[in-house]
Amino acid sequence: MVEPKFAETPEPLEQTPSKAPEPLPEPVMENTESLEAVPTPEPESVPAEPEPQVMDRAPVQPERDQPPQHPVSSIPSMFIVQITPELAPVAKVGGLADVVFGISNELEIRGNHVEIILPKYDCLRYDHIWGLCETYKDLWVPWYGGAIHCTVYFGFVHGRKCFFIEPHSSDNFFSRGCIYGFNDDVLRFAFFTRAAMEFLWKSGKNPEIIHCHDWQTALAPVFLFEIYKFLGMTHPRVCFTIHNFKHQGVTGAQVLQATGLNRPEYYFHYDRLRDNFNPHALNLMKAGVVYSNFVTTVSPRHASEAKDQGQGFGLEPTLHIHHVKYGGVVNGIDYNMWNPEIDHHIPHRYGVDHIDEKYKNKKALRGRLMIADNEKPIVAFVGRLDPQKGLELIRHAIFYTLYRRGQFVLLGSSPNGQINSYFWSLKHQLNDNPDCHIEIGFNEELSHLIYAGADIMLVPSQFEPCGLTQLIAMRYGTIPVVREVGGLADTVFDKDYSYKPLHERNGYVFKDYDYSGLESALGRALSCYYDYPEHFRELMKNAMRYDYSWKNPGQDYLNIYDLIREK
Ligand SMILES: Nc1ncnc2c1ncn2[C@@H]1O[C@H](COP(=O)(O)OP(=O)(O)O[C@H]2O[C@H](CO)[C@@H](O)[C@H](O)[C@H]2O)[C@@H](O)[C@H]1O
């Protein structure tokens, strides 16, 4: 092991004053909640229904290297369609993208047939799409009493079969340079969801399961059970996964007119789409909960926090009504993509049995970010700069870490201008500090080097449905310091206070969302690094030995699909 090794004793650890966090600028809701009227697009004429132009299932492409198949379960193989606004790495804003890729991969490894439908954004990472070609030329999607002409493309994303829907209309729904952040986001994704369902129907696809994600695609079960079922699509059942209750797609009545659902008197009912707070608004996430055959969120702890502990952002009563079809499944991470033994984004590969190489990555990270090469531990944060992530505590942790003779590295970005400029000013303030680097922006490659090169990963979230950063960090032997909430509480077990046996403890946890809570956990982590390096190293190994792959959650989702599928 190269580090930590320290000749000198660390300075006595004075307490920095603990006080309640100062609030950072509140963000403008970045997505949808605009109830303003959006200009109605010119309806185009509806042509005669075209003949199906795609094969029922996509052609088979040789897979990239896959881990060994998991034992075959008694559940028969299924045809599953994922309808999603994001997919890693081609269209990624946050963790939803990773989850859709990871679960699709796992389901295929287990012998199921998975197809993924997503918008053909102009900002897709086209360098990650193999064999992109037109597969359905004239898809006419009903819209405001007329229809919009679309083309559907097919391509492989790291072995996964993907269909990309491209509308041709003056709305330019998906040619705007980024994925979210527009006043008409609700309409953009309502259109996409209707288009995906229309594509399934017109192309004669008949999956057992349609799996949709977050408010963006929550209308899929409404379209299925209110429209397509009556056109003969009676086979599919719907699983709806909520990755974030905070954004629900609260909108006005025009979405009904636009998508052809119409009948406001029917949908504006509390048992259907009417928002639980605003009687004049519809709530797309609520629609997904009401109409789906099964609803999951991304950890059991968050499932109960959302239903019973006020973290459902107003959907608590709806979750109670539908509790028999509601549960939590902890996310996995893709062990092909996140694996320090084979990761091509890091200069030195390592594993639990040859952990010392990790410190060469630490040196490389310091070189890349031009911070000092010294004996100090590196504390990192990687994530969206959203209030959810605990921005006040992140800021406090930067100064606390520097004060406690650590280094701090931050990689993050926000669609909110105020938050971004706040972190830019922090960056300028700390520019000359050789122990700190703040990188504002989205950089997948750099994130790999940070996971590999840092010693401690901070996740001090206000709420966290699951959290992927702590899972990835553990895979790379980087010790998570997290708040005891949601999926963080389900996956990180405190070195000093957990009920788990010593060899199953893998990080540091704090309860209260305040400075002293943060300091209690981060301080213990830094002390352990300096004072008990062998304990710290054991903790790293414990974390690396955990299995947070898709193996277990993959089986959980298969069990859910099996429960709801038509038998
Ligand atoms: N600037 C940047 N540069 C490079 N990579 C970056 C980045 N910012 C974020 N990432 C990456 O994006 C992913 C974010 O994962 P999170 O669990 O924090 O998801 P998020 O909060 O977006 O999503 C929601 O959905 C996920 C999935 O269900 C839940 O885990 C989570 O709790 C919920 O809030 C990680 O892979 C991280 O490395």
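Both backbone and side-chain heavy atoms feed into the values below; hydrogens, waters and symmetry mates do not. As the structure is a computational prediction, the values presented were derived from the model and not from experiment. In listed order, ligands and their atoms are each counted from 1.
Against a heavy-atom cut-off of under 4.0 Å, Ile472 is close to the following atoms of ligand 1: 36 (O). Of all atoms in ligand 1, numbered sequentially from 1 with element shown, those under 4.0 Å from a heavy atom of Val99 are 27 (C), 28 (O). Of all the atoms in ligand 1, the ones that sit under 4.0 Å from a non-hydrogen atom of Gln388 are 21 (O), 34 (O). Those atoms of ligand 1 with a heavy atom of Leu468 less than 4.0 angstrom away are 15 (O), 16 (P), 17 (O), 30 (O). Each of the atoms 37 (C), 38 (O) of ligand 1 lies under 4.0 Å from some heavy atom of Tyr451. Residue contact check: Gly412 has heavy atoms under 4.0 Å from atoms 1 (N) of ligand 1. In the vicinity of Gly467, heavy-atom distances shorter than 4.0 Å reach the ligand 1 atoms 17 (O), 29 (C), 30 (O), 31 (C), 32 (O). Proximity to Leu96 (heavy-atom distance under 4.0 Å) selects the following atoms of ligand 1: 25 (O), 27 (C).
Only side-chain heavy atoms of Val298 come within less than 4.0 Å of ligand 1; its backbone N, CA, C and O stay farther off. If you look at Asn331 next to ligand 1, the close heavy atoms, those under 4.0 Å, all belong to the side chain. Only side-chain heavy atoms of Asp98 come within less than 4.0 Å of ligand 1; its backbone N, CA, C and O stay farther off.
Side-chain contact between Leu319 and Val289: present, with at least one pair of heavy atoms (C-beta onward) separated by less than 4.5 Å.
Closest approach of Arg237 to Arg565, counting heavy atoms only: CG-CA, 4.0 Å. Here the closest non-hydrogen pair linking Cys239 and Tyr561 is CB-CE2, 4.0 Å.
Surrounding NZ of Lys511 are at most 12 heavy atoms belonging to other residues, nucleotides or ligands under 6.0 Å away. Within a 6.0 Å radius of NE2 in His345, more than 12 heavy atoms belonging to other residues, nucleotides or ligands are found. No more than 12 heavy atoms of other residues, nucleotides or ligands shown are found within 6.0 angstrom of NZ on Lys363.
Ser104 and Lys161 share no side-chain donor-acceptor pair at under 3.5 Å. If you check the side chains of Arg366 and Gln407, you find a donor sitting under 3.5 Å from an acceptor. Thr296 and Thr241 form a side-chain donor-acceptor contact under 3.5 Å, judged by distance and modelled atom types alone. Checked by atom type, the side-chain pair Gln216/Thr193 shows no donor-acceptor distance below 3.5 Å. A side-chain donor-acceptor contact under 3.5 Å links Arg110 and Gln555. Using modelled atom types, one finds a donor on one side chain and an acceptor on the other under 3.5 Å when comparing Thr318 with Asn276.
Annotation: atom 3 (N) of ligand 1 to nearest protein heavy atom, Asn443 N, 3.0 Å. Looking only at heavy atoms of the protein, atom 10 (N) of ligand 1 is closest to Phe442 CE1, 3.9 Å. Considering only non-hydrogen protein atoms, atom 24 (C) of ligand 1 sits nearest to His243 O, 3.6 Å. With hydrogens left out, the protein atom closest to atom 32 (O) of ligand 1 is Glu464 OE2, 2.5 Å, a heavy atom. Nearest to atom 1 (N) of ligand 1 among the protein's heavy atoms is Gly441 O, 2.8 Å. With respect to atom 9 (C) of ligand 1, the closest heavy atom belonging to the protein is Gly383 CA, 3.5 Å. Nearest protein neighbour of atom 19 (O) of ligand 1, counting heavy atoms only, is Gly95 N, 3.2 Å.
The N/O atoms of Gly94, backbone and side chain alike, include none that comes under 3.5 Å of an N/O atom in ligand 1. For ligand 1, none of its N or O atoms has an N or O atom of Val93 under 3.5 Å away.
Comparing Arg384, Lys92, Lys389 by heavy-atom distance to atom 18 (O) of ligand 1, the nearest is Lys389.
Under the side chain to side chain contact (heavy atoms under 4.5 Å, CB included) rule, Phe192 has a single partner from Leu187, Ile117, Leu219, which is Ile117.
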